[in-house]
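Let me begin by presenting the structure, written as structure tokens, before commenting on it.
The shown structure was predicted, so the numbers you read here are calculated from the model rather than taken from an experiment. In what follows, chains carry the letters A, B, and so on, assigned in the order in which the sequence lines appear, proteins first and then strands, with residues in each chain numbered from 1.
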Amino acid sequence: MQTTSAGPYTVPPMQSGPEIILSERLLEAMRHAFGAALPPDADPLLAVSKNPEFGDFQCNAAMSLGKAMGISPRAAAERIVSALNIDDVALPARIAGPGFINLTLRPEALASALDAMDDGALGLPPPPPGARETIVVDLCGVNLAKQMHVGHLRATVIGDALARIWERLGHRVIRQNHFGDWGLPIAMVTERVKRLAEAGRVDLDSLTLEDLEGHYRAAQRDCDADERGLRAVERFGLGPKADAEVRTQVEGAREATARARQALVALQAHEPGHVRVWERISEVTLAACFENCRRLHATVTREATAGESTYAHELAPLVEDLLARRVAEVDDGAVIVRLDEFGIKEPCLVRKRDGGFLYATTDMAGIRRRVQGLGADRAIYAVDARQSLHFRQVFAASKKAGYARRAGGSDATLLHAAFGMVLGEDGRPFKTRSGENVRLSDLIDEAIARAELAVAQKNPDLPADERRAVAEAVGIGAIKYIDLSSDRSKDYVFSFDRMLAFEGNTGPYLQYALVRVRSILRKAHLEQGIHEDSLGGPGRPGLLIAAPEEKTLALAALKFPATLRGAGEACEPHRLCAYLYELASAFSAFFAACPVLSTPDERVKRSRLRLCRLTGRILRDGLEALGLVPLERM
RNA sequence: GCGCCCGUAGCUCAGCCCGGAUAGAGCGGCGGUUUCCUAAACCGCAGGUCGCAGGUUCGAGUCCUGCCGGGCGCGCCA
């Protein structure tokens with residue numbers, strides 16, 4: 001489903017620094033070597049070498065080019081290399097294997113590329129005004145009178161990370177928390193709470209979300225009669241007693257459902273008594289939601305929250321509009337939008353036979369509001385992968401209806417950033433032992449408690465209040481990172497032990513790498529009077545890239561801008577995670593092999609301090625783009 | 001029945017969009033490193049029919065087809 005239309009602005013190719021130069025030079029050489037015979041779409045196919053013995057970059061164009069030119073790949077490579085002019089940036093090119101062209105950067109070229117990147121924006125300046133997009137990110141998606149659970153964790157953490165990444169890329173981001181506050185189930189709980197409040201059995205002022213969840217379940221139970229049981233009793237003749245029991249139950253449920261329907265009608269008519277109760281329930285739910293999000297360090301606010309109820313009045317006219325313009329048609333009493341021209345066999349149902357609307361209707365109104373109201377160039381939905389068909393339908397139907405059309409006339413990019421399930425260590429959906437959903441707040445509590453134990457053990461000298469703050473940042477970082485670090489479309493296994501082991505590709509490992517950077521820079525200032533600010537700006541010391549660990553670190557640092565753009569474009573935060581882990585690993589190796597503060601050579605010391613500072617800035621930037629808290633100490 | 005997603009080391013995962021050299025990490029196992037900037041670290045060793053079978057290609061974990069296994073979904077719930 002993914003991208004269903006291209007945006008008007010394309011993000012620049014995923015290249016930066018020396019790659020651009022090498023690519024250009026190679027292309028020049030190819031033109032020079034083959035002249036008019038060179039296919040117009042010829043590409044140097046530059047890639048980072050996997051193995052250091054093959055140099056830093058490799059050009060893979062000669063193999064296919066040789067084929068196209070009718071010469072051997074090695075001959076093609078030789079012709080390219082002999083026309084290649086790269087002496088200013090790289091060592092002489094070497095041809096290897098079937099026709100790989102291996103390139104190794106000159107240390108000073110690497111240093112100068114790194115120096116160019118080490119500016120205020122770390123190689124990611126804001127886009128020019130014409131290329132600045134408005135991105136609407138749908139996230140969180142809580143439901144009225146219900147606790148947040150692991151499912152909301154992903155919608156919140158991934159959605160927030162995508163929002164942060166796009167913000168970091170310089171675009172205008174609007175978050176939308178699509179709040180499930182409308183419909184029959186909502187009316188059910190509202191009716192029950194109102195009735196109990198009037199009977200003096202519920203105090204609206206002291207209502208908690210736990211209470212509400214109980215009422216929600218009770219209301220649902222009341223309405224959820226065993227209709228099938230009744231049929232079974234009738235069919236198998238289980239006796240008058242069973243028959244009467246089931247009949248009474250079903251009758252009660254029908255009554256409860258009827259009351260809920262009346263409550264829904266009252267809510268739709270803005271009857272003050274019902275509305276007051278409903279608003280109170282809504283308040284309690286959202287307060288808990290915002291508190292969870294605050295603890296998660298995810299930006300979800302009241303301003304960014306739009307309940308389904310805010311679309312309620314738009315639905316009838318929307319369907320009428322679809323019918324009037326023949327986008328939709330009546331089928332078996334229901335209103336549907338056919339989507340065969342989009343390759344979707346299942347039509348999108350927008351009005352039931354009984355006149356009621358469906359969530360597809362609301363979501364179409366949502367797309368219209370995002371694109372035509374909020375001005376979205378892209379609308380991104382961080383929602384469970386099980387909704388894939390639903391979003392394909394809604395996106396297609398919205399395009400067919402013209403609701404995704406922007407002021408410029410082209411359609412906005414609509415993307416379902418689908419995510420998989422959270423599994424327990426047994427490989428089954430993550431639940432408590434009794435089979436209940438795990439509450440998000442419990443998950444957060446446990447992660448922080450476990451992190452606090454670890455912090456107390458590893459760094460007992462940390463003052464208690466800082467320990468608490470570090471434990472929060474680390475515990476929550478661990479939860480968020482494990483969620484963000486694997487391909488979002490896949491299920492992943494939730495394990496406190498693994499995410500808090502602080503080894504390998506984890507949030508704490510990244511935070512720790514930054515702490516080590518900060519520690520060096522702090523000591524440089526306190527013990528040697530070298531202020532961090534002296535390492536940047538016009539009078540900054542030069543970069544000397546000599547040791548292999550320095551080189552690996554420098555090459556890793558250079559990949560930051562392209563990686564962040566790629567992660568945004570694909571809406572895949574795990575790319576940024578993998579990159580930051582690579583950078584942190586490179587730094588750790590550098591840290592172990594290259595002394596900084598004790599280096600006698602002042603120029604080497606300053607150069608290494610600059611490498612530390614740059615690494616720290618990228619780590620901080622990256623952690624913030626993921627929604628993890630950077631730390632000074634841990 | 002149809003559709004979508006997934007299948008890579010004992011375990012947890014990258015790599016697949018856009019095909020390139022001996023398929024990478026982490027955990028776990030084994031062995032090393034601390035008079036030195038946070039060892040929550042670093043270095044090394046062992047460990048893989050990339051689900052199976054065809055096909056395309058000079059070259060396939062990556063692209064195409066079929067199959068097997070697992071998950072999810074498929075108008076009148078959201």
Checklist entry - Quick one: does A/Arg608's side chain have a donor or acceptor within less than 3.5 Å of a partner on A/Pro595's backbone? => result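 Judged by distance alone, yes, a pair lies under 3.5 Å.
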
Item to check | Pairs meeting criterion ring-ring contact (aromatic ring centres under 6.0 Å, His included) with involvement of residues 468-499 of chain A, two or more places apart | outcome: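 Those involving residues 468-499 of chain A are A/Phe430-A/Phe494, A/Phe494-A/Phe496.
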
When the [atom1] atoms of [M] and [N] are compared, how many Å lie between them, rounded to an integer?
N	M	atom1	result
B/C30	B/C67	P	46 Å
B/G3	B/C18	P	23 Å
B/A9	B/G15	C1'	15 Å
B/C11	B/C52	P	15 Å
B/U57	B/G70	P	35 Å
B/C63	B/C17	C1'	11 Å
B/C4	B/C42	P	42 Å
B/C58	B/G19	P	15 Å

Next on the checklist: I need the minimum non-hydrogen distance between A/Phe179 and A/Val142, along with the two atoms involved.
Outcome noted: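 In this case the closest contact between A/Phe179 and A/Val142 is CD1-O, 3.4 Å.
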
Checking all strands, does [X] fall into the base, sugar-phosphate, or nothing category for heavy-atom contacts under 4.0 angstrom?
X	result
A/Asp332	base
A/Glu549	nothing
A/Asn102	base
A/Ala385	nothing
A/Lys523	sugar-phosphate
A/Pro347	base
A/Tyr509	sugar-phosphate
A/Glu582	nothing
A/Cys59	nothing
A/Ala501	nothing
A/Pro508	nothing

Ion pair check, [X] and [Y], cut-off under 4.0 Å:
X	Y	answer
A/Arg498	A/Glu425	no
A/Arg386	A/Asp384	yes
A/Glu569	A/Arg565	no

Which nucleotide, [options], lies nearest any side-chain atom of [X]?
X	options	result
A/Glu308	B/C76, B/C42, B/A78	B/A78
A/Ala589	B/C37, B/C43, B/A25	B/C43
A/Asp331	B/C17, B/G75, B/A41	B/G75
A/Lys50	B/C58, B/G61, B/C37	B/G61
A/Ser64	B/G73, B/U22, B/C58	B/C58
A/Asn60	B/C37, B/A40, B/G20	B/G20
A/Gln387	B/U22, B/A40, B/A78	B/A78

Under 3.5 Å, which protein N or O atoms sit close to an N or O of nucleotides 11-13 of chain B? Give each pair with its distance.
| residue | atom | partner | partner atom | Å |
| --- | --- | --- | --- | --- |
| B/U12 | O2' | A/Arg498 | NH1 | 2.7 |
| B/U12 | O2' | A/Arg498 | NH2 | 3.2 |
| B/C13 | OP1 | A/Val493 | N | 3.2 |

Item to check | B/A25 pyrimidine/purine six-ring stacking with A/Tyr581, under 5.5 Å and 30° | outcome: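 The ring of A/Tyr581 is not stacked on B/A25.
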
Donor-acceptor contacts under 3.5 Å from residues 58-70 of chain A side chains, at least two apart:
| residue | atom | partner | partner atom | Å |
| --- | --- | --- | --- | --- |
| A/Gln58 | NE2 | A/Asn60 | OD1 | 2.9 |
| A/Ser64 | OG | A/Ala61 | O | 3.4 |

Checklist entry - When you look at A/Asn505 and A/Ser485, which way does the side-chain hydrogen bond (donor to acceptor under 3.5 Å, both in side chains) test go after all the steps? => result CA-CA 8 Å; A/Asn505 189 9; A/Ser485 59; 4.9 Å; no

Checklist entry - Reading RNA chain B 5' to 3', what string of ( ), [ ], | and . shows its pairs, if Watson-Crick and G-U wobble pairs count only when both distances fall under 3.5 Å? => result (((((((..((((......[...)))).(((((.......))))).....(((((..]....))))))))))))....

Next on the checklist: Can you pull out every salt bridge (charged side-chain N to carboxylate O under 4.0 Å, His left out) where at least one residue sits in residues 43-62 of chain A? Sequence neighbours excluded, please.
Outcome noted: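 Every pair satisfying salt bridge (charged side-chain N to carboxylate O under 4.0 Å, His left out) with a residue in residues 43-62 of chain A: A/Asp56-A/Lys551.
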
Item to check | A/His574 side-chain N/O to B/G15 phosphate OP1/OP2 under 4.0 Å | outcome: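 Result: yes.
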
Checklist entry - Tell me, do A/Leu46 and A/Leu26 make a side-chain contact under 4.5 Å, heavy atoms counted? => result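 Yes, side chains in contact.
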
Anything under 3.5 Å between a protein N or O and an N or O of nucleotides 1-3 of chain B, put it in a table, one pair a line.
| residue | atom | partner | partner atom | Å |
| --- | --- | --- | --- | --- |
| B/C2 | O2' | A/Lys345 | NZ | 3.3 |

Checklist entry - Considering only heavy atoms, which members of residues 180-188 of chain A lie under 4.0 Å from some atom of RNA chain B? => result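 Heavy-atom cutoff 4.0 Å gives no residues at all.
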
Checklist entry - Under a 4.0 Å heavy-atom cut-off, which of residues 348-362 of chain A touch RNA chain B? => result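 Per residue number, the list reads A/Leu349, A/Lys352, A/Arg353, A/Phe357, A/Leu358, A/Tyr359.
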
Report the residues that fulfil ring pair (Phe, Tyr, Trp, His ring centres under 6.0 Å) with [X], sequence neighbours left out, ordered by chain and then residue number.
X	value
A/His178	A/Tyr311
A/Tyr216	none
A/Tyr509	A/Tyr581

Item to check | Evaluation steps, side-chain hydrogen bond (donor to acceptor under 3.5 Å, both in side chains), between A/Gln528 and A/Lys523 | outcome: CA-CA 7 Å; A/Gln528 304 192 13; A/Lys523 288 203 164 155; over 6 Å; no

Checklist entry - Can you list the residues that meet the salt bridge (Lys or Arg N to Asp or Glu O under 4.0 Å) rule with A/Arg610, with sequence neighbours excluded? => result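 By the salt bridge (Lys or Arg N to Asp or Glu O under 4.0 Å) rule, A/Arg610 matches A/Asp115, A/Asp118.
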
Checklist entry - Crowded around A/Arg450 CZ? As in, over 12 foreign heavy atoms under 6.0 Å? => result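 More than 12 heavy atoms, drawn from other residues, nucleotides or ligands, come within 6.0 Å of this atom.
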
Checklist entry - Would you say A/Arg74 has more than 12 foreign heavy atoms packed within less than 6.0 Å of its CZ? => result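 More than 12 heavy atoms, drawn from other residues, nucleotides or ligands, come within 6.0 Å of this atom.
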
Next on the checklist: Syn or anti for B/G75, given that syn means the glycosidic angle lies within 90° of 0?
Outcome noted: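 Classified syn.
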
Item to check | Six-ring centre of A/Phe591, A/Arg516 cation under 6.0 angstrom, axis tolerance 45° | outcome: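 Yes, A/Arg516 sits over the ring of A/Phe591.
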
Checklist entry - Does A/Leu45 or A/Ile336 map to a spot on RNA chain B nearer the 5' end, using the closest nucleotide for each? => result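 Of the two residues, A/Leu45 wins.
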
Next on the checklist: Between A/Phe54 and A/Phe100, is the ring pair (Phe, Tyr, Trp, His ring centres under 6.0 Å) condition met? List the steps.
Outcome noted: CA-CA 9 Å; A/Phe54 301 136; A/Phe100 298 106; 7.4 Å; no

